Number of protein chains: 2
Amino acid sequence: MADDVAATERSRGGMSEQRRRRVRLEISREAARLFWAQGVDGTSGDQIAEAVGLSTRTIWRHFRSKESCAEPIVAQSVEWELTSLRSWPLHRSLEEHFATEAKRFVNEISPLEQADAGLGVKMMRLAETEPALRTAWLMACDQVEHELAGVIATRLGRKPDDLEVRLHAAATGASLRVINEYVGAGLLDGADPRELGDENFAFIADAVRTATGGAVGDPVHVDGAPAEPDEAAADRQGI
Amino acid sequence: MADDVAATERSRGGMSEQRRRRVRLEISREAARLFWAQGVDGTSGDQIAEAVGLSTRTIWRHFRSKESCAEPIVAQSVEWELTSLRSWPLHRSLEEHFATEAKRFVNEISPLEQADAGLGVKMMRLAETEPALRTAWLMACDQVEHELAGVIATRLGRKPDDLEVRLHAAATGASLRVINEYVGAGLLDGADPRELGDENFAFIADAVRTATGGAVGDPVHVDGAPAEPDEAAADRQGI
DNA sequence: GCACATTGCGTCACTTAATGCCAAAATGGC
DNA sequence: GCCATTTTGGCATTAAGTGACGCAATGTGC
């Protein structure tokens with residue numbers, strides 16, 4: 001019943017894992033659209049189900065609650081930060097890395113993902129007045145913080161559950177959240193969507209440095225390899 | 001948080017604002033007890049009602065949802081931080097102020113409040129595994145952050161919605177949250193409850209200084225009044 | 001003291017979010 | 001094609017949460 005097998009890739013898990021995410025994201029898209037259009041309380045599970053073309057029962061199979069339908073869209077809106085953070089090489093500064101990542105991100109993004117990002121910002125805004133949605137937003141930030149703990153632990157050569165690492169991760173995550181909220185609010189109020197210059201990344205990086213007492217943000221000196229980072233170090237960060 | 005069934009003004013029918021809070025706290029106490037004993041999902045609204053000796057309908061008159069029944073107890077567990085922060089004189093350092101506040105707090109606390117504090121810690125722990133409760137905890141932290149924005153704005157001579165102030169408040173709040181979680185976990189795992197020495201306040205203050213790049217934590221120099229760093233003046237507040 | 005308005009509470013009926021159960025459809029390996 | 005597993009839909013059901021009405025308690029004016 002449970003699992004098996006070693007030989008092949010997984011028949012059940014492998015495909016489903018990916019497919020499941022797609023379904024959840026599709027549901028989340030419609031739910032977010034409806035939430036924004038008519039509010040959370042004004043949107044019923046049946047409406048979401050009808051909009052996405054599934055039965056109501058199936059909606060509750062994919063999401064534990066109505067509000068959690070917004071989670072994938074919100075999570076995806078911070079996904080680029082997460083992947084950027086995960087691939088942050090030890091020897092680079094935060095502004096350098098974010099700048100190149102943002103460039104790559106802008107080139108690779110599809111119209112659909114762009115629309116999703118817009119929905120994510122709208123959910124962020126909606127979260128300010130709808131306590132039900134605030135959970136989704138705070139949960140996403142929570143995940144960022146957790147991921148940050150791993151990244152910071154690597155850069156400082158400590159454990160992720162080290163108290164100091166947790167403090168740095170929490171402060172960094174909180175700063176990123178405030179900046180996200182600030183930028184998102186600006187975008188919704190009609191700010192120029194193409195205003196993300198290099199000075200913004202410098203601002204973000206400085207905010208992180210301030211929040212961590214300078215412990216996070218700068219390149220990390222690796223023992224014995226001052227000039228050029230060796231393969232091992234690069235591999236650990238997965239460039 | 002304060003938005004359940006907004007009790008607008010009160011003058012006519014006598015007791016409300018104050019009595020209402022008491023009723024809510026009483027309900028919250030029983031709810032927290034049950035949540036801790038049998039989990040959130042394992043506790044029904046009827047059980048809470050029976051435990052507190054009210055009808056189920058009345059429970060829903062005081063709380064909009066089952067999980068929100070835990071909010072008052074959680075909020076009260078950070079209340080001392082809130083009041084301490086609010087009364088933080090410009091000319092005192094954070095460790096000084098927290099030390100004296102903690103002393104006053106320990107002397108004034110009643111057995112009931114002590115039990116409530118214990119329940120609050122338990123809800124904090126429960127929030128790690130019960131997403132429904134995590135909202136209550138994160139909401140309480142949210143309020144702390146908001147309050148912090150006001151305090152920090154005063155100390156830096158800026159506006160509470162200033163971006164830098166918001167960043168400092170967020171980073172400080174996140175640090176306090178981590179420390180709360182850390183201390184709370186330690187207490188629940190059987191740590192000595194009377195272990196809160198002065199070095200702990202120094203640790204907290206240093207964490208805040210680190211999270212704000214040194215901008216918050218030290219005495220603030222007021223124009224024309226030379227600030228004495230140590231035990232000089234203890235009973236003055238100025239804005 | 002008595003009528004009075006106001007408010008809180010309880011009871012019942014009701015809507016809706018959410019789960020369990022079972023059968024039909026879809027999916028993937030052979 | 002066949003079979004095993006998973007996914008889905010429909011239906012019944014539980015539990016969360018609301019609305020409506022009546023009653024009891026309390027405060028106010030007389």
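Source: prediction; values computed, not measured.
Side-chain atoms of H97(A) come within 3.5 Å of backbone atoms of S84(A) as a donor-acceptor pair (strictly under, hydrogens ignored).
Applying the side chain to side chain contact (heavy atoms under 4.5 Å, CB included) rule to Q38(A) yields the partners L34(A), T43(A), Q47(A); only residues at least two apart in sequence or on another chain are considered. By the salt bridge (Lys or Arg N to Asp or Glu O under 4.0 Å) test, E30(B) is found to be paired with R33(B), residues two or more places apart in sequence or in another chain being considered. With sequence neighbours excluded, no residue satisfies ring pair (Phe, Tyr, Trp, His ring centres under 6.0 Å) with W36(B). Listed by chain and residue number, nothing satisfies the salt bridge (Lys or Arg N to Asp or Glu O under 4.0 Å) test with E67(B) (two or more places apart in sequence, or in another chain). For the side chain to side chain donor-acceptor pair (under 3.5 Å) test, residues two or more places apart in sequence or in another chain that qualify with S110(A) are E113(A). For R104(B), the salt bridge (Lys or Arg N to Asp or Glu O under 4.0 Å) partners two or more places apart in sequence, or in a different chain, are E101(B), E108(B). Residues forming a salt bridge (Lys or Arg N to Asp or Glu O under 4.0 Å) with D161(B) (at least two apart in sequence, or on another chain): none.
When the P atom of dC9(C) is taken as reference, atom CZ of R24(B) falls 13 Å away, rounded to whole Å. Distance, D46(B) CG to dG17(D) C1': 12 Å, rounded to whole Å. Whole-Å rounding puts the E67(A) CD to dT16(C) P distance at 16 Å. R22(B) places its CZ atom 16 Å from the P atom of dG8(C), with the value rounded to the nearest Å. Across the protein-nucleic acid pair, W60(B) atom CH2 and dG17(D) atom P stand 5 Å apart, rounded to whole Å.
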Dump the pairs, protein N or O against N or O of nucleotides 8-15 of chain D, anything under 3.5 Å, distances to one decimal.
from, atom 1, to, atom 2, distance (Å)
dT8(D), OP2, H62(A), NE2, 3.3
dG9(D), OP1, S55(A), N, 3.4
dG9(D), OP2, S55(A), N, 3.1
dG9(D), OP2, S55(A), OG, 2.7
dG9(D), OP2, T58(A), OG1, 2.1
dG9(D), O5', S55(A), OG, 3.4
dG9(D), N7, R61(A), NH1, 3.4
dG9(D), O6, R61(A), NH2, 2.7
dG10(D), O6, R57(A), NE, 3.4

Let me check something: any side-chain donor-acceptor pairs from residues 166-175 of chain B under 3.5 Å, sequence neighbours excluded? List them with distances.
from, atom 1, to, atom 2, distance (Å)
T172(B), OG1, H168(B), O, 2.7
S175(B), OG, A171(B), O, 3.0

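The stretch residues 27-38 of chain B has no heavy atom under 4.0 angstrom from DNA chain C at all.
Residues S77(A) and V121(A) form no side-chain contact, since every pair of their non-hydrogen atoms from C-beta on lies 4.5 Å or further apart.
With axes fitted over five pairs at each extremity, the angle between the ends of the helix from dG1(C)-dC30(D) to dC30(C)-dG1(D) is 30° (10° resolution).
Pairs engaging residues 35-45 of chain A under the salt bridge (charged side-chain N to carboxylate O under 4.0 Å, His left out) rule: none recorded [sequence neighbours left out].
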